[in-house]
Amino acid sequence: MNSVYEKLKLCLDSVRKKTDFRPEAALVLGSGLGDYADGIQVCQTVDYSEIEGFPVSTVPGHKGRFVFGYVKDVPVVIMQGRVHYYEGYPMTDVVLPTRLMGLMGAKKLILTNAAGGVNFDFVPGDFMLITDHITTGIPSPLIGPNPEELGTRFPDMSEVYSLRLRNIIKEEAGKLGISLKEGVYVQLTGPAYETPAEIRMFRSWGADAVGMSTACEAMAARHMGMEVCGISCITNLAAGMTTKKLDHQEVQETADRVAGQFKQLITEVIGAI
Ligand code: HPA
């Protein structure tokens, strides 16, 4: 058996010993959104550390567990804390939790993150609906022997972020009176923030936001046929766009400031998908 798939099956067995919950949708919470999971109708939680072979996040502000429950009667699994490539895990481990949620039964995936704005029209606190991504700066999570059980060797990536889900998100944001920007997300490895020259380059590539997560998860999810959408919280303008130096505290503070609106939007979106 393919070793990536074998590890996934072990993790799935580990989870199944604790819960038989079948989620319809999966949600990954980015910086500042972690406590969303505490406010839903929780049925069960499983700490990542309880799952054999599971990568455990080391970032401050990221909890490490799956929360199983209901949002507006939709059965969901929520990743409270994700793992990042910069923590030192191989890319296949970084996307293992996403794949695992897919194997648990989730057909739809909602990804959230904190990101730096590259587009000069953005201001900190904006939300950006991800329309597409650029992953040139990271290794593909699909490198290695292809787990045929999950998907094909050369998967199509022409609509990673589902147009159907994007339209639903726009509609729900409109109903809530939340203004929603749209754009292309670039994933880089981090952990250092980018240089001003890099940001100028990404802008010329057509990027609107930059971050250290999400696109790899979206790729792995598409590979296995999940329907994917993503929303960035623009926590800061990227390097060189203001005179300010970047730090994680600013990212956290902006994410915390708009978390209420972000949570409202996520709730309505889950109800509508
Ligand atoms: N760059 C990369 N990742 C980020 C940023 C940024 O400016 N802000 C939040 N995550």
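Numbering of ligands and ligand atoms starts at 1, following listing order. Any value given below was found using the heavy atoms of this structure, including those in side chains, with hydrogens, waters and symmetry copies removed.
In terms of protein heavy-atom proximity, atom 3 (N) of ligand 1 is closest to Gly211 CA, 3.4 Å. Nearest to atom 5 (C) of ligand 1 among the protein's heavy atoms is Gly116 N, 3.4 Å. Here the protein heavy atom with the shortest distance to atom 10 (N) of ligand 1 is Ala114 O, 3.3 Å.
The environment of CD in Glu52 is sparse: at most 12 heavy-atom neighbours from other residues, nucleotides or ligands sit within 6.0 Å.
Taking a cut-off of under 4.0 Å to the non-hydrogen atoms of Leu246, the atoms of ligand 1 that pass are 7 (O). The distance from ligand 1 to the heavy atoms of Asn236 drops below 4.0 Å at these ligand atoms: 5 (C), 6 (C), 7 (O), 8 (N), 9 (C). Close contacts between ligand 1 and Met212 involve ligand atoms 2 (C), 3 (N) [criterion: under 4.0 Å to a heavy atom]. Heavy-atom proximity to Thr235, at under 4.0 Å, picks out these atoms of ligand 1: 8 (N), 9 (C). Each of the following atoms of ligand 1 lies closer than 4.0 Å to a heavy atom of Glu194: 1 (N), 2 (C), 6 (C), 7 (O).
Of the residues listed (Lys108, Arg164, Arg222), the one engaging Glu227 in a side chain to side chain donor-acceptor pair (under 3.5 Å) is Arg164, and it is the only one.
Between Asn113 atom CG and His84 atom NE2 the span is 8.5 Å, to the nearest 0.5 Å. Summarising the geometry, atom CG belonging to Leu8 is positioned 4.5 Å from atom CG belonging to Leu96; distances are rounded to the nearest 0.5 Å. Between Glu250 atom CD and Lys244 atom NZ the span is 4.0 Å, to the nearest 0.5 Å.
Contacts between Asn113 and ligand 1, counted as non-hydrogen atom pairs separated by less than 4.0 Å, are absent for every part of the residue. Contacts of Ser31 with ligand 1, taken as heavy-atom pairs under 4.0 Å, are absent altogether. Contacts between Leu188 and ligand 1 below 4.0 angstrom, taking non-hydrogen atoms only, are absent altogether.
Tracing side-chain contacts under 4.5 Å through hydrophobic residues (I, L, V, M, F, W, Y), one reaches Val210 starting from Phe120; they form part of the same cluster.
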How far apart are the C-alpha atoms of Asp47 and Ser49, what are their side-chain angles, what is the distance that settles it, and do they pass the side chain to side chain donor-acceptor pair (under 3.5 Å) test? CA-CA 5 Å; Asp47 286 354; Ser49 58; 4.5 Å; no
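Phe21 and Phe68 have tilted rings, their planes meeting at an angle from 30° to 60° on a 0 to 90° scale.
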